[in-house]
Amino acid sequence: MKFRFGLLTTIFGGMTFEEVVEFAAENGLECLEVACWPDAGAKRRYAGVSHIDAASLTEQKAQEITALCREKGVSISSLAYYPNMLDPDPEKREAYTAHLHTLIDASAMLGVNMVTTFIGRVSNETFAKNLETAREVWPPILRHAEEKGVRIAIENCPMWFTDDEWPGGQNIMTTPANWRKVFEALQSPNLGINYDPSHFVWQQIDYIRPLYEFKDRIFHVHFKDIKLYPDRLKDVGIMANPLEYMCPKIPGFGEINWGKFVSALTDTGFDGCGVIELEDRAFEDSLESAKQGVILSARYLRNYIV
C-alpha cells in the first residue's frame with residue numbers, strides 16, 4: 001500500500017505557496033492540502049490563510065502552479081476551506097457557498113479534483129433541523145462538483161472549541177451515525193470524508209472501526225493527535241468546552257495508536273493523501289517552531305508510512 005504523505009498548509013500562513021512547496025520538497029513531503037480562504041480577515045484560529053488565490057486563478061497561473069509542483073515532486077492533495085457552510089447569517093452562508101463554488105472550479109482547473117471543507121451547522125438547532133438545511137444548501141454544490149469531476153471531503157471535526165460555537169458546534173458530519181444520515185440525505189458519489197482520528201478520541205468514539213465501514217467514502221486523511229487530561233475531565237465533565245479537558249498535539253504526543261491506524265488504512269486499501277495538520281500550541285510560537293513541529297511529525301509517522 002502506498003499513499004501520498006504531506007501537510008496542511010494552514011500553519012504556514014507567513015509563507016508563500018512557493019516557499020511551502022520548497023519546504024515540503026526539502027523534507028520529503030509529497031503533497032499539500034492547500035489553504036484557500038478568500039481573504040486574510042477570518043477571525044477564527046487557523047482560518048484566513050490563503051496560499052492559492054482561487055478567485056483570480058487563470059489557466060496560465062494554474063499551469064505555472066502545476067509545473068512548479070511537478071518540478072519539486074510535490075502534488076496538491078486538495079484545496080482547503082473550512083467555514084460554517086450552514087451559517088445562520090444568510091449573507092455569510094451565501095459568501096461561503098460562492099467561494100466553495102470558486103474552489104470547485106479552481107480544483108478542476110489545477111487537476112486536483114478535491115476540495116476539503118465542513119458541511120456546517122446552526123449550533124443551537126437539532127441535528128434533524130440542520131439536516132433539512134443541508135438538503136437545501138448542498139445539492140447545488142454537489143451537482144457543480146459532479147459536473148467538474150471534483151470530490152468534496154468533509155472533515156469530522158465538531159467545530160466546538162469556543163463559547164460562540166456552543167452548544168452543538170459548527171459541523172454536523174462528526175460521527176459514524178451522522179455520516180450515514182448525511183450520505184442518505186445527500187446522495188452523491190462525490191461527497192466523502194476527510195478522516196481525522198483525533199476528533200473521535202475526545203468524543204469517545206472508536207477511531208479504527210469506521211475506517212472499514214466507510215472505506216469507499218474516505219477521500220482524504222488528517223494526521224493529528226489529541227491529548228486527554230483525565231483529571232480535568234473528572235472535574236468538568238463531558239458537557240464542558242472540550243478544550244477544558246483535551247488539546248491537539250502532533251502525532252506521537254497524544255492518545256492515538258498510529259501503528260494500528262495506518263495498519264487499518266492498509267487493510268482498506270486507502271491510496272489517497274494523508275497530511276499532517278499541525279494545531280499543537282507547543283509548536284506555534286514562531287514559524288520556525290511550526291516547521292519543527294511538521295518535521296517531528298513526519299519523522300514519527302515514517303515509522304508507519306513507507
[X] atom [atom1], over 12 foreign heavy atoms within 6.0 Å:
{"X": "Glu94", "atom1": "CD", "value": "no"}
{"X": "Gln187", "atom1": "CD", "value": "yes"}
{"X": "Arg209", "atom1": "CZ", "value": "no"}
{"X": "Asp164", "atom1": "CG", "value": "yes"}
{"X": "Lys227", "atom1": "NZ", "value": "no"}

Exercise for the section: State the CE-CD1 distance between Met159 and Ile119, to the nearest 0.5 angstrom. Expected result: 14.5 Å

Test item: side-chain donor near acceptor, [X] and [Y], under 3.5 Å:
{"X": "Thr174", "Y": "His199", "value": "no"}
{"X": "His220", "Y": "Ser78", "value": "no"}
{"X": "Arg4", "Y": "Ser77", "value": "no"}
{"X": "Trp258", "Y": "Asp225", "value": "yes"}

Parallel, tilted or perpendicular: rings of [Y] and [X] (30°, 60°):
{"X": "Phe3", "Y": "Phe223", "value": "parallel"}
{"X": "Tyr195", "Y": "Trp179", "value": "perpendicular"}
{"X": "Tyr96", "Y": "Tyr81", "value": "perpendicular"}

Between [X] and [Y] (side chain of the first, backbone of the second, donor and acceptor by atom type, cut-off under 3.5 Å), is there such a pair?
{"X": "His144", "Y": "Asp105", "answer": "no"}
{"X": "Ser198", "Y": "Ile226", "answer": "no"}
{"X": "Gln203", "Y": "Thr175", "answer": "no"}
{"X": "Ser107", "Y": "Leu103", "answer": "no"}
{"X": "Tyr207", "Y": "Asn257", "answer": "yes"}
{"X": "Arg93", "Y": "Leu86", "answer": "yes"}

Any idea which heavy atoms bring [X] and [Y] closest together, and the distance?
{"X": "Phe219", "Y": "Leu191", "value": "CE1-C, 3.6 Å"}
{"X": "Ile104", "Y": "Ile152", "value": "CD1-CD1, 4.2 Å"}
{"X": "His222", "Y": "Pro197", "value": "O-CD, 3.3 Å"}
{"X": "Asp89", "Y": "Glu91", "value": "OD1-N, 2.9 Å"}
{"X": "Glu155", "Y": "Asp196", "value": "OE2-OD2, 3.2 Å"}

Exercise for the section: May I ask you to test the Phe261-Ile208 pair for a side-chain heavy-atom distance under 4.5 Å? Expected result: yes

Handout entry: Minimum side-chain heavy-atom gap Leu233-Ile238 below 4.5 Å
Key = yes

